[in-house]
There are 2 protein chains.
Amino acid sequence: MYVTIPSDQKVNGSFVPLASAQPKPVETRLKSGSYLYFEGDDVEWLYQVTSGAMRLTRLLPDGRRQVIAFGYPGDIIGFPANGLHHTDCEALTDVRLQPFRRSVLETGEGDPALHSALLQAALREISAMQDHFMMLGRKSATEKLASFLCVLSERVGEDLGAYRQIHLPMSRSDIADFLGLTTETVSRTFTLLRKSKIIAIENIHTIIIQRPTALMGLSAGDDK
Amino acid sequence: MYVTIPSDQKVNGSFVPLASAQPKPVETRLKSGSYLYFEGDDVEWLYQVTSGAMRLTRLLPDGRRQVIAFGYPGDIIGFPANGLHHTDCEALTDVRLQPFRRSVLETGEGDPALHSALLQAALREISAMQDHFMMLGRKSATEKLASFLCVLSERVGEDLGAYRQIHLPMSRSDIADFLGLTTETVSRTFTLLRKSKIIAIENIHTIIIQRPTALMGLSAGDDK
DNA sequence: CGTCTTATTGACGGTGCTCAACGGGTGTGG
DNA sequence: CCACACCCGTTGAGCACCGTCAATAAGACG
C-alpha cells in the first residue's frame with residue numbers, strides 16, 4: 001500500500017484473490033515480527049497478502065530508513081529486480097500469504113491467467129508509486145498524515161456508526177519513515193488533528209475519523 | 001531515469017535496444033517541446049527512447065508538480081495502469097523513439113522475447129523507483145543534487161580529459177520538481193557545489209564534474 | 001535590438017528536525 | 001499480583017534548512 005490521492009475507483013472493501021489454474025502451493029503463515037525476506041535475497045516466490053499487514057523497508061548505509069510500502073490484504077509483494085529482493089519485509093501482525101512462483105510472473109509457465117494478473121499488479125504498483133512520489137516530494141506534514149489516514153480508511157477502515165475507525169498495526173516511526181518525517185513530527189501532527197476534532201485517538205493503534213470530509217480536504221491541501 | 005544510489009552494476013555507456021522478432025513499427029521522431037502523451041490518455045504504445053530526453057510529470061489540482069522521471073536512451077516509458085497513462089510526457093530535446101504495442105507487454109502476442117524484455121524493464125522500474133523514494137524522503141538538498149549529478153554522469157556523462165561533462169537538457173525547475181525542491185534551492189545548491197570546486201558550470205545546460213569522488217561522497221551524506 | 005522568460009542572489013520567516021525530558025503502557029520477574 | 005524496567009510515544013525549546021517573496025542578472029527568441 002502506498003499513499004495515493006484517493007481515486008474515484010472505489011475498492012469495495014474486499015479484495016480479489018488471484019485465481020490459479022494450477023494446484024495451489026500451501027498458504028504461508030507468518031508470526032508478527034518475523035521477516036519474510038531481506039534485501040539481497042534471491043526471489044523464489046511472490047506473495048499476495050491474504051490477511052494481516054507487512055512492512056517493506058530499505059536502509060541507507062548510515063542507518064536512515066525508508067518504509068517503501070505497507071502490504072495489506074490483496075497486495076502483491078516481492079517483485080524481483082535482476083532476480084533479487086530490494087527491500088526487507090517484516091510482518092507487522094500475524095500474516096497469511098498466498099505464494100506464487102516467480103517463474104509464473106517471468107515466463108508465464110503454464111498459467112497465462114495468473115501470469116497476466118501478476119503483470120497487471122506490477123503495472124498498478126508502478127502507478128501507485130508515482131502517486132507516492134508526489135506525496136514525498138511535494139506535500140506538507142499535515143497533508144502527508146491526512147493522506148495516509150484517508151487511504152488507510154478506504155483500504156482497511158471499519159464503519160463505526162457515523163464515524164470510521166482505523167487500526168494501525170505499525171509504529172509511529174514506521175509511519176514517519178513511510179512519509180519522510182520524524183516520529184516527533186508524526187506525533188505532533190496526530191495531536192494537531194486530534195485537537196481540531198478531525199480525529200480521535202482511541203489508543204495508540206486505533207484512530208477514529210470524526211470528520212472524514214475535513215480530513216480529505218487536508219490531504220489535498222485545502223488549508224493553504 | 002530515476003535518481004538512485006549508484007550501483008555496482010556498471011552500464012557500459014551504450015544501451016541495449018530491445019530486439020523484436022516482428023517487423024518493426026516505424027521509429028517515431030518528436031520535436032523538442034512536443035508532448036508524446038498526457039495523463040488519462042489510452043495507452044496504445046510503449047516506447048524505448050533511442051536518442052534525446054523525455055520528461056514525465058504529474059500535477060496536483062492546485063498546480064504543484066512532480067517530475068516522475070526523465071527518459072534517457074535505453075529507458076522504456078509509457079507503462080499503462082488500467083490501460084491509461086498516468087503522467088504527462090514531453091520531449092526535452094528532439095527525440096527518437098522505438099514504439100512497441102501495448103499488447104506485446106500485456107499478452108505476449110507472438111513475441112515472447114520482447115514480452116519478457118518489457119516485463120523485466122517494468123520490474124527494474126519498480127526497483128529504481130524504490131531507490132528514488134529514499135532520496136525524496138530522506139535526503140538533504142545537497143545530497144539530492146549530488147545524487148542527481150552522479151547518476152546523470154554515469155548514464156550520459158562524457159569524458160573530458162581528467163573531468164567529466166554532463167549536458168542538462170531540462171530546466172532548473174524540472175530538476176527542482178524531480179528532487180522535491182524549489183528552483184531557488186536548486187540554484188543555490190549548484191552555486192554551493194561550484195564554490196567548493198566540486199563542479200564547474202560551463203553554461204546553464206552544461207556541468208563539468210571536477211571532483212567526482214567528492215560528489216559521490218556528498219550524494220551519500222559524507223558531510224554529516 | 002527589445003522583450004520575455006529563466007536563473008541567480010538576497011533577506012527573511014516558517015516548517016519540520018534535533019536534542020531533551022517526561023509519561024504511559026507493556027512485559028517480565030519476583 | 002505487584003514492582004520495576006524498558007520501550008515507545010508525547011511534549012517542549014531551540015535552531016537549521018529550505019521555502020517564500022522580491023530584485024536583479026542572464027539568456028532565449030523573435
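Proteins come first, then strands; the chains are lettered A, B, ... in the order of their sequence lines, and each starts at number 1. As the structure is a computational prediction, the values presented were derived from the model and not from experiment.
Residues passing the side-chain hydrogen bond (donor to acceptor under 3.5 Å, both in side chains) test with A:Arg96, sequence neighbours excluded: A:Ser51. Among residues two or more places apart in sequence or in another chain, the side-chain hydrogen bond (donor to acceptor under 3.5 Å, both in side chains) test is passed with B:Thr57 by none. A search for salt bridge (Lys or Arg N to Asp or Glu O under 4.0 Å) contacts involving B:Arg29 returns B:Glu27, not counting sequence neighbours. In terms of the ring pair (Phe, Tyr, Trp, His ring centres under 6.0 Å) criterion, B:Tyr72 has no residue partners (sequence neighbours excluded). Remark: B:Pro212 pairs with B:Ile209 by the side-chain contact (heavy atoms from CB on, under 4.5 Å) rule, at least two apart or across chains. In this structure B:Phe133 satisfies the ring pair (Phe, Tyr, Trp, His ring centres under 6.0 Å) test together with A:Tyr2, A:His132, A:Phe133, sequence neighbours excluded.
Sequence neighbours left out, the pairs with a member in residues 205-215 of chain A that pass side-chain hydrogen bond (donor to acceptor under 3.5 Å, both in side chains) are A:Asn203-A:Thr206. Identified under the salt bridge (charged side-chain N to carboxylate O under 4.0 Å, His left out) test for residues 187-196 of chain B, with sequence neighbours left out: none. A side-chain hydrogen bond (donor to acceptor under 3.5 Å, both in side chains) check over residues 162-179 of chain B, counting only residues at least two apart or in different chains, returns the pairs A:Arg138-B:Asp177, B:Arg55-B:Asp174, B:Arg65-B:Asp174, B:Arg65-B:Asp177, B:Ser153-B:Arg164, B:Asp159-B:Arg164, B:Ser171-B:Ser173, B:Ser171-B:Asp174.
The main-chain N or O of A:Phe38 is never found under 3.5 Å from a side-chain atom of A:Asp88 such that the two would form a donor-acceptor pair.
Nucleotides of DNA chain D lying under 4.0 Å from heavy atoms of chain B occupy a range whose first and last members, 5' to 3', are D:dC18 to D:dC21.
Over its full length, the helix from C:dC1-D:dG30 to C:dG30-D:dC1 turns its helical axis through 50°, comparing axes from the five pairs at each end and rounding to 10°.
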Sugar-phosphate means primed atoms, P, OP1 and OP2; the rest is base. With that split, encode nucleotides 6-24 of chain C 5' to 3' as B, S or - using protein heavy atoms under 4.0 Å. -SBBBB----SSBB-----
